[in-house]
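Take a look at the structure set out below.
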Amino acid sequence: MTSVPLGIAAECETTFRYDVLDGLSQPLKTLPCKYLYDERGSRLFDQICELDEYYLTRAELELMQTHAASIADQVGSQAMLVEYGSGSSVKTRSLLDSIDDLVAYVPVDISKEHLLRTADALQSAYPEVDVRPVVADFTQPFELPQIARTPSHVAVYFPGSTIGNFTTVQAGELLRCMSSMVGPQGGLLIGIDLQKEIGVVEAAYNDAEGVTAEFNLNLLWRINAELDGNFDLDRFEHKAVYNEDENRVEISIRSLCDQDVLIGDREIRFHQGEEILTEYSHKYKIDGFAAFASQFGFSLHKYWTDRRDYFAVLHLVVV
């Protein structure tokens, strides 16, 4: 495999420290969800995707496998496929199997070790495709790699309903950047989690085995390991509840007592019951999301759902 270009906003300790201290200094404490995905966090998320309660991955895989040929037709031949937040690229294989004469596959992820292992495996499995991983924070601008063949267009793939992790403003900025990247000749394949029974949704983020809780609390473990923190994880708990007014799951870490935590030489005060917001997971309706995306230059061209209408993949084009 060729050398790996580092995205211009690749994660570094200085940025991590700044974001952590800034977020925990706010009246309503928060931490960016992108920092959940270090190497250990990425492995835990892979475990979450296998859980009985976590319907999202199964619904999306079913959809991708059932409609692979139709989705590949929309991507078109001789494309450069750029996947945002690629993770283990499990769902991507159906596209790599189906897209005609794919020029290059560019997985983009913030977790370097996890990304490179996955990219190596995919290059071995698909030797005819130029696999060019980019280590980057995809919420910030990054450069596409140079490849041997010139693609006819760029197609962005954003699976897993990751768009739902962002606020409306953040999601809009990301869509604006994607619109600029693909241009009028390309398109965006994006996964969205659809609105459904609240009990089904909440169970997906509060699994009986506690893997989601471990994934969420891993962020405190990471701060301890990388930023000289002294969080006592036994004094915090995972919390995930559905906000019906906003149509989203709100995921946080809750302090079980009054306590002071050190991060380096910086002291952070927590009151009993105080929460650190770590992630949103918005749930959508197809027409509502299409109307939102239209504000940033996209038009809904086609969509697919699983058999229970739990999940959808939309193909959006620039107008």
Side-chain angles (χ1 to χ4, degrees), residues 7-12 15-37 56 82-87 108-110 136-143 156-183 186-195 201 205 216 219 239-253 275-300 303 311-319:
I8 61 173
E11 182 186 28
C12 65
T15 304
F16 182 34
R17 182 181 298 276
Y18 174 83
D19 288 346
V20 167
L21 293 177
D22 180 63
L24 295 182
S25 299
Q26 302 303 317
L28 298 176
K29 293 180 171 64
T30 184
L31 290 170
C33 63
K34 64 186 179 183
Y35 293 123
L36 291 163
Y37 296 92
L56 288 90
V82 181
E83 182 175 358
Y84 280 45
S86 55
V108 183
D109 205 279
I110 200 170
D137 171 6
F138 62 74
T139 65
Q140 303 296 322
F142 63 90
E143 295 180 2
V156 169
Y157 179 40
F158 196 29
S161 195
T162 306
I163 191 69
N165 297 148
F166 300 99
T167 65
T168 301
V169 172
Q170 292 168 337
E173 285 302 311
L174 191 54
L175 287 171
R176 193 189 309 277
C177 290
M178 290 176 171
S179 175
S180 177
M181 176 175 287
V182 301
L188 167 64
L189 282 176
I190 188 167
I192 59 172
D193 194 18
L194 300 176
Q195 294 175 19
V201 175
Y205 299 88
N216 200 18
L219 187 45
K239 180 182 177 183
V241 295
Y242 192 77
N243 183 329
E244 294 186 62
D245 293 333
E246 300 291 341
N247 293 308
R248 69 189 182 197
V249 179
E250 296 174 346
I251 304 167
S252 60
I253 297 172
E275 297 176 12
I276 308 168
L277 177 67
T278 56
E279 194 169 29
Y280 290 132
S281 185
H282 289 84
K283 311 304 172 188
Y284 302 100
K285 292 183 178 179
I286 291 171
D287 56 353
F289 188 86
F292 175 62
S294 70
Q295 301 175 49
F296 307 99
F298 283 111
S299 176
L300 177 61
Y303 70 86
F311 198 93
V313 169
L314 282 56
H315 182 233
L316 305 168
V317 296
V318 176
V319 293

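The figures here come from the full heavy-atom set of this structure, side chains too, leaving out hydrogens, waters and symmetry mates.
Across G191 and I163, no two heavy atoms sit closer than the pair O-CG2, 3.9 Å. Contact between V319 and S299 at its shortest, heavy atoms only, is CG1-CB, 3.1 Å. Residue N243 comes nearest to E250 through the heavy atom pair ND2-OE2, 3.0 Å, listed as atom of the first residue, atom of the second, then distance. Here the shortest heavy-atom pairing between M181 and V156 reads SD-CG2, 3.9 Å. Residues A240 and I251 share a closest heavy-atom pair of CB-CG1, 4.1 Å. The nearest pair of heavy atoms linking D193 to S161 is N-OG, 2.9 Å.
A heavy-atom distance below 4.5 Å is not found between the side chains of L316 and M178.
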TODO: Take L31 and V20 through the side-chain contact (heavy atoms from CB on, under 4.5 Å) test and state the conclusion after the steps.
DONE: CA-CA 6 Å; L31 290 170; V20 167; 4.0 Å; yes
- [ ] Please report the C-alpha distance between T15 and D137 in whole Å, then the side-chain angles of each, then the deciding distance to 0.1 Å, and finally whether the side-chain contact (heavy atoms from CB on, under 4.5 Å) criterion is met.
- [x] CA-CA 11 Å; T15 304; D137 171 6; over 6 Å; no
Task: Evaluation steps, side chain to side chain donor-acceptor pair (under 3.5 Å), between S281 and Y205 - done: CA-CA 10 Å; S281 185; Y205 299 88; 2.7 Å; yes
TODO: Report the C-alpha distance between Y280 and T167 in whole Å, list the side-chain angles of each, state the deciding distance to 0.1 Å, and finish with yes or no for side-chain contact (heavy atoms from CB on, under 4.5 Å).
DONE: CA-CA 8 Å; Y280 290 132; T167 65; 3.8 Å; yes
TODO: Begin from the C-alpha positions of Y242 and N247 and carry the test side-chain contact (heavy atoms from CB on, under 4.5 Å) through to its verdict.
DONE: CA-CA 7 Å; Y242 192 77; N247 293 308; 3.5 Å; yes
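The number of heavy atoms from other shown groups lying within 6.0 Å of OH (Y303) does not exceed 12.
Within the 3.5 Å criterion, the main-chain N or O of D22 finds a donor-acceptor partner in the side chain of Q26. At distances below 3.5 Å, at least one donor-acceptor pair connects side-chain atoms of S294 with backbone N or O atoms of A291.
Between T162 atom OG1 and L174 atom CG the span is 9.5 Å, to the nearest 0.5 Å. Rounded to the nearest 0.5 angstrom, L188 CG and H315 NE2 are separated by 8.0 Å. From Q195, atom CD reaches atom NE2 of H282 across 10.5 Å, with rounding to the nearest 0.5 Å. From T168, atom OG1 reaches atom CD of Q295 across 9.5 Å, with rounding to the nearest 0.5 Å. Going from atom CD1 of I253 over to atom CG of L219 covers 5.5 Å, rounded to the nearest 0.5 Å. If you take CD1 on I192 and CG on L314, they are separated by 4.5 Å, rounding to the nearest 0.5 Å.
Taking the six-membered ring where tryptophan is involved, the planes of F166 and F138 are perpendicular, since the angle between them exceeds 60° and thus also 30°. The aromatic rings of F292 and F296 stand perpendicular to each other, their planes meeting at an angle above 60°, with 30° marking the opposite boundary.
Taking the six-membered ring for Trp and the full ring otherwise, F289 and F298 have centroids separated by 6.0 Å or more.
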